[in-house]
Amino acid sequence: MSDDKTVHRYDKPAGGWDALKSSWQALREQEVLLKGANTLLRANQPKGFDCPGCAWPDRNPHSTFEFCENGVKAVANEATSKRVTREFFAEHTVSWLAALDDHTLEVQGRLTEPMAFDAASDRYVPIGWDEAFARIAAALKALASPDEAIFYTSGRTSNEAAFLYQLFVREYGTNNLPDCSNMCHEPSGVALTEQLGSGKGSVTLEDFEHADAIFIFGQNPGTNHPRMLGELRNAARRGCRIVAFNPLRERGLERFANPQSPAEMLGGSSTQITSDYLQPRIGGDLAVATALAKVVVERDAVDRPTLDRMFIAAHTRGFDAFAEALRATPWSELERESGLGREQLERVAQTYIDSRATILCWGMGITQHPRSVATIQMLANLLLLRGNIGKPGAGPCPVRGHSNVQGDRTMGIYEQPAPAFLDKLGVAFDFQPPRAPGYDTIAAIEAMRDGRATVFFAMGGNFAAATPDSAQVHEALRRCALTVHVSTKLNRSHLVHGRDALILPCLGRTEIDLQTGGPQAVTVEDSMSMVHLSSGMNPPASTQLLSEPAIVACLAAATLPRSKTPWRWLIEDYDRVRARIAQVIDGFEDFNARVRVPGGFHLHHPGRERVFPTASGKATFYVHPLAHPVGAALAASSPPEGNESSRLKPLLQLMTVRSHDQYNTTVYGFDDRYRGVHGLRKVCFISAHDLQCLGLRDGEQVDITSVWDDGERSVRGFRLVEYDIPPGCLASYFPETNALVPLGHHAERARTPASKAIPVRLTRSSADER
Ligand SMILES: Nc1nc2c(c(=O)[nH]1)N[C@H]1C(S)=C(S)[C@@H](COP(=O)(O)OP(=O)(O)OC[C@H]3O[C@@H](n4cnc5c(=O)[nH]c(N)nc54)[C@H](O)[C@@H]3O)O[C@H]1N2
Ligand SMILES: Nc1nc2c(c(=O)[nH]1)N[C@H]1C(S)=C(S)[C@@H](COP(=O)(O)OP(=O)(O)OC[C@H]3O[C@@H](n4cnc5c(=O)[nH]c(N)nc54)[C@H](O)[C@@H]3O)O[C@H]1N2
Ligand SMILES: [Mo]
């Protein structure tokens, strides 16, 4: 990391030598050069481990280097030689540690032994595993109802750990299983399940080889799914049209030099990725998708059909009402809401019409919005119009985040389990699963805040930092009687804790998991429903670490003396866990054999055969009227006045995004290379137009205040960075800006925090904050 705080334009292609340099640096900073390099050769290999970075699938057959710059960072940070020891905790009070930033916490290294909070000394002190489990069991048994406990999951947890965990939680008696999906792709699941009968994407990696067009909405693969750039590059080279919709111009979507191609690296060549790049307003995508659908419908003619009438007739319902609604939607409204001109929208609509097979990809720029479910259904409407599902090179592709977030859901980490799943689980393990729906992430925060839940247990993640409305969340966690975190690294959630608190350190993906039955492999499911094995090969960071399945089994044995599940026997050999998964989860029949085929197996997606198990048995067109994105009027507005009424008017819309040097709340460093930011994270990207309207200058420090019906929330001292972004739109990094996201501001129906749509105003920071 450089100490200089600089901002300048990045003109090189994404990837290239800078990606190699940065990978090398990450290994050096974690002092894991040799081990790291060997570790990386096993990343995403049939006999290796699944990269703990993103959920992008692996190529099959695999190339030698199935990793990327940001995968290197994820691996290097897990394989680091640095350690957080009992001496470290003895040296520092929790209040002192709490004043450190997220990056400083992360670089302390791997957690090494179980620790318990000691209020008298304000320190974490060592505790034995058995005593730790006994303490949690006692707290759980003391609750008046199992629903007073909350069991969170982050998306790195393996299928085996996730399955055992949800089983334990349900045997204990609750469905309070919120997870990071609630903050991530929940709207994709809600929208697609209702519309197509399956909440997952239907495409496979192979489809990327057959698509004529790939449309990418609200996703930044150059940073968050770098291996996807390889796929996009190959597609672009064979003439596939790639169209990006993003308020920001993201370098990784424009041009890419593949660090794994000697020809490109040595020859200095690169590939242009996008053939068209549209910059809608934040939240303008519902209008974009509506406009594209309108053009497709209106251009349909007998001699030159734009619709797949056969598909529509055979597999869908609701077309006529949908087409009528589109015809009635005026262009003026579409242009205003999308922030794009009719001519631009008609141009990409024609690209869509000209393409025989189209994939639609989307990420957090679509899901973390109030109208995300409607927007995703509009994207799926667009696919249905041209039969773009169930044929090679076409389909919906929600690009998932955490490496096993999709698998965790498949394994039953869900606060609203289907009755049929509970029936099977109950029969297989001979108990009565609870039937009432549990808390999602937002409901969990409210329950803790209001004292209705007092034990919080987290299987991974960083709840205190990843959630919206930091002040309320911190207050909620502090009200708890007990907070427990199963973690690999020190993070904010260990320092914002309940009256009693435990840190349980666990093995990471890259490490050997030795049980009585020998070294164990776990399984994961990627974003395209491929299930495969993952086995670590590094010695554990400490001899005291337990695997996640072992932690669940020990906790269950301590908490549930009458359970008929042979907890400790199951984890002696994870094949036993997989055999039970095969009994309960559809699609996992003969699990142990199928997952041992190199590359694993694909979970059936009914849409691939044009089967849509919805209520009506058909895919459905949904009509969704447009809404007014907050701040849409700013483009044309005059500078705000200082009076009370204009103060209350939300003026700009802020999206909170990831920098190139972070993994969610894990801050690797302070550079965001592709956006040209170096040495700082408290920045706010803003258009030249808004700078002028607001009388502010590039480089000035501002406070950002979000405006909501329950009051205002502020963060201070952010440097303005003039950027190619539409008027009315701002961007900053999370988690620094999570304090601004009102708890009550979330997606309709899916309840995903609207962290890309925060109504804010800016004020110049006062002198002492500069
Ligand atoms: N290295 C790295 N890899 C990661 C992660 C990480 O933090 N670091 N996180 C993982 C996780 S959990 C996830 S979910 C994924 C996230 O991957 P992404 O979905 O790429 O996540 P974000 O950085 O939030 O970026 C969202 C993109 O959407 C754009 N955007 C914001 N609002 C809008 C809008 O209204 N409309 C449109 N069209 N675009 C918009 C932003 O400009 C940005 O380019 O990545 C995963 N992979
Ligand atoms: N404002 C705003 N907020 C957001 C988002 C946003 O775009 N904007 N994005 C949201 C999204 S998409 C997501 S997915 C969530 C992420 O929310 P989380 O999943 O809760 O957060 P992470 O930062 O991924 O968790 C990092 C921690 O996980 C632990 N960890 C790492 N590897 C392992 C492991 O193998 N096992 C265990 N047990 N622990 C491990 C480490 O201790 C590390 O500190 O954040 C959400 N929050
Ligand atoms: Mo995510």
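Sequence positions, counted from 1, serve as the residue numbers for this chain. Counting starts at 1 for both ligands and their atoms, in listed order.
Judged by the shortest distance from any of its heavy atoms, Lys73 lies outside the 4.0 Å radius around the atoms of ligand 1. For the pair Gly53 and ligand 1, no heavy-atom separation below 4.0 Å is found.
Not less than 6.0 angstrom separates the ring centroid of Phe457 from the ring centroid of His485. You'll find the ring centres of Phe89 and His494 outside the 6.0 Å limit.
At a 3.5 angstrom cut-off on N or O pairs, His402 does not count as close to ligand 1. Below 3.5 Å of separation, one finds an N or O of Met364 facing an N or O of ligand 1. Backbone and side-chain nitrogen or oxygen atoms of Cys54 are examined, and none is located within less than 3.5 angstrom of a nitrogen or oxygen of ligand 1. Checked by distance only, ligand 1 and Arg281 stay at 3.5 Å or farther apart across all their nitrogen or oxygen atoms.
The distance from ligand 1 to the heavy atoms of Gly363 drops below 4.0 Å at these ligand atoms: 19 (O). When each atom of ligand 2 is checked for a heavy atom of Asn738 under 4.0 Å away, the hits are 1 (N), 2 (C), 3 (N).
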| request: Walk me through it: do His103 and Phe670 pass the test ring pair (Phe, Tyr, Trp, His ring centres under 6.0 Å)? | output: CA-CA 9 Å; His103 173 68; Phe670 291 79; 5.1 Å; yes
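A salt bridge does not link Arg409 to Glu525: none of the charged nitrogens lies less than 4.0 Å from a carboxylate oxygen.
A cation-pi geometry, defined here as NZ or CZ lying under 6.0 Å from the six-membered ring centre and within 45° of its normal, holds between Arg156 and Tyr663.
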